[in-house]
Number of protein chains: 2
Amino acid sequence: MFKPITIKDIAQALELSPSTVSRALSDSYEINEETKKRILEYAEKHNYRRNPIASSLRQGRSYSIGVIVCEVANSFFSQAIDGIESVAYGKGYHVIISQSHDSYEREVVNIQHLANRAVDGLLISMSAETKDFSHIINLHDQGLPIVFFDRIIDTFDTHTVTTNNREGAKKATQSLIDRGFKKIAHLANAPHLSITSERLEGYEEALRQNGIALEESLIRYCHHGGRIQQEVEEAVRYFLALPEKPEAIFVASDRLSMGCLSAYNNLAPKDRHPAVAGFSNSDVLDLLQSDFTCVHQPAFEMGRMAMELLIQLIESKYPVYDFDNVVLETELISR
Amino acid sequence: MFKPITIKDIAQALELSPSTVSRALSDSYEINEETKKRILEYAEKHNYRRNPIASSLRQGRSYSIGVIVCEVANSFFSQAIDGIESVAYGKGYHVIISQSHDSYEREVVNIQHLANRAVDGLLISMSAETKDFSHIINLHDQGLPIVFFDRIIDTFDTHTVTTNNREGAKKATQSLIDRGFKKIAHLANAPHLSITSERLEGYEEALRQNGIALEESLIRYCHHGGRIQQEVEEAVRYFLALPEKPEAIFVASDRLSMGCLSAYNNLAPKDRHPAVAGFSNSDVLDLLQSDFTCVHQPAFEMGRMAMELLIQLIESKYPVYDFDNVVLETELISR
DNA sequence: CTGAAAGCGCTAACAT
DNA sequence: ATGTTAGCGCTTTCAG
């Protein structure tokens, strides 16, 4: 029904060859300024748009990259995506976003889908459920450039962008200790995530340095990253049922904080809510609980960096063997 | 570096022609079951993936659709996207998400980008800032299928999916009246949005039916849809400075509710906060203010429907002149 | 039921 | 500085 104008049409109209037109449109130095101007003007006037599909097929590149995150409705990831896009658009790349919803199955399907869709590279933050990495390793082995951010696989030779999770967790826990709390619980993410163990370490270190004994019974994991509110509620019920209830909780993520505060709201009167500190990039969570202290990750910057590293990989003429593992610092926002 | 296997490779290996292989792979009835099986098995074994770019070029279709929303970090839109994806994946379409951040400029750029990127159709929810629709009209005139959802342009002949905004607003306002409030303000979205006038109508209707005089001075618009927190704060300051402060506010959107509650938190002691009811698909807003009554839109369903209508347009053999304007009901969730 | 051949729109090596 | 030609991988007439 609608037939866009092609390079051939322009060539015909201007009595030139398609190659000349193609070159002029990509501003090749070989083309006479005069001719170039004529072509550009004609193209502009007739609203010519390069057909990216044909171009991709010819060049073997799609100028699009895929992003896999657990969900976009999450402050951290939406900010990271903004960072990714800020770089991508500038360099002529298109960003295709895909959500795993922290489900292993959907992650596999989506990654296949994207790879299949001929993206030039992948930006991945692992789903909480994923324990088997073969679907990613396969693609990587086949030569698809991949950069991990936030939730990484450490047994993987490629660029990564993370935050200093250990230090962030330590700061958050320390802030609770400074407020006089001793019995500090930890609501953790899925155990096999990179961020989980790092944040756990920071929590433990803070306790140790303050001479507080670590109690395993005060640590609860959420195997689906809080995707299922029930698992968070169970953890909260557990805390509430303890003979010695925690005075404070260090929560590992935004989503968990949300679920945790919500569960306490439902299950216990306000005066029995513990103090909470946790990782969060939300701009509303502090409203929920006015004394909510949060560890803020530089999400935008992380997205930016990850995208830049990915483009580096994609555009490198030679195989890259030297990988960057960027670690950015967190910021503690206390009230 | 990485060279995927092609139809030609399979044809060569099996001593068949590429056309036979192609047909077998798309399960054509013309192909001998035996041959088909051989081909499918070989393809499977060698991990063949159809090159979607070549396929698109040939077929003149990309099997991808573009979605433009103001932002994904918004419960309503993220739920709508889930709905869109649920249909898209089932029908073999790919979804490319793009955010306008309620900025006219970004909306134009992104829509161009998507159209340029050869999507088969567009699912659009207008940005709050957009008053000039020519960028969309152009594409539509060129034959690009477009379906609007939530924030529509009514002077546009195509399918639309919305909620009954008037009725929803009326219910929310009525709930405030039922709680005994008489002086009810309205914090509205950008004035030129379709949803804004409809929700305003509902608000006015509820007041009228209860014999409450409409006071223009109690209505404040946020021209950037609350994208700029400052504009929300200004409105709240305005309400707080009124000689007769509103006892309750009907807020037009999630984002505005967030900003509004946040602003009150910062600007006034808790006992001076008005009751609030508003449109929202958030699962946390009620935690902010326990008596927050919200009008919930069937976001997932809206996304689903919009996508189905779009596919209908795309796959229709003949030009479509008969358009559906689906209106779904809202649900009032009161506390 | 299978094959040959053309072509989607663009680009790049190889002329000239 | 411009043109010729071939081909990316796939689909689809048309022919057998």
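Residue numbering restarts at 1 for every chain, and letters A, B, ... go by the order of the sequence lines. Nothing here was measured: the structure is a model prediction, and the numbers come from that model.
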Requested in this report: Ignoring hydrogens and angles, tell me if any N or O in the side chain of S56(B) forms a donor-acceptor pair with the backbone of R61(B) under 3.5 Å.
Outcome: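 Yes; judged by distance alone, with no hydrogens or angles, the pair exists.
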Requested in this report: Indicate whether any N or O donor in one side chain lies under 3.5 Å from an N or O acceptor in the other, for R49(B) and N51(B).
Outcome: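 Per modelled atom types, R49(B) and N51(B) side chains form no pair under 3.5 Å.
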Report task. Check the side chains of S28(A) and S26(A) for a donor-acceptor pair under 3.5 angstrom, ignoring hydrogens and angles. Result ->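 Result is no, nothing qualifies.
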Rounding to a whole Å, what distance do you find between [X]:[atom1] and [N]:[atom2]?
X	N	atom1	atom2	result
I5(B)	dC10(D)	CD1	C1'	14 Å
L14(A)	dG3(D)	CG	P	10 Å
I10(B)	dC10(D)	CD1	C1'	12 Å
I7(B)	dG9(D)	CD1	P	11 Å
I53(B)	dG9(D)	CD1	P	11 Å

Report task. Look at the side-chain N and O atoms of T20(A) and state whether any lies under 4.0 Å from the OP1 or OP2 oxygen of dT2(D). Result ->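 False: T20(A) side-chain N/O out of range (4.0 Å or more) of dT2(D) OP1/OP2.
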Under the salt bridge (Lys or Arg N to Asp or Glu O under 4.0 Å) rule, collect the residues that match up with [X], sequence neighbours excluded.
X	value
R50(B)	none
E41(B)	none
E105(A)	none

Query - Members of residues 24-50 of chain B that approach DNA chain C, where some heavy atom sits under 4.0 Å away - result: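 Within this stretch, E30(B), I31(B), N32(B), T35(B) sit under 4.0 Å of the strand.
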**Report entry** Residue whose closest nucleotide on DNA chain C lies nearer the 5' end, E15(B) versus R23(A)
**Finding:**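 Its nearest nucleotide being more 5', the pick is E15(B).
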Report task. Hey, could you give me the CZ/OG1 distance between R151(A) and T160(A), rounded to the nearest 0.5 Å? Result ->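 It is 15.5 Å, given to the nearest 0.5 Å.
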Which protein N or O atoms sit under 3.5 Å from an N or O of nucleotides 5-8 of chain C?
{"from": "dG7(C)", "atom 1": "N2", "to": "R58(B)", "atom 2": "NH1", "distance (Å)": "3.3"}
{"from": "dC8(C)", "atom 1": "O2", "to": "R58(B)", "atom 2": "N", "distance (Å)": "3.4"}

Query raised in the report: In chain order, what residues pass the ring-ring contact (aromatic ring centres under 6.0 Å, His included) check against Y42(B), with sequence neighbours excluded?
Result: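 Result, ring-ring contact (aromatic ring centres under 6.0 Å, His included) vs Y42(B): H46(B).
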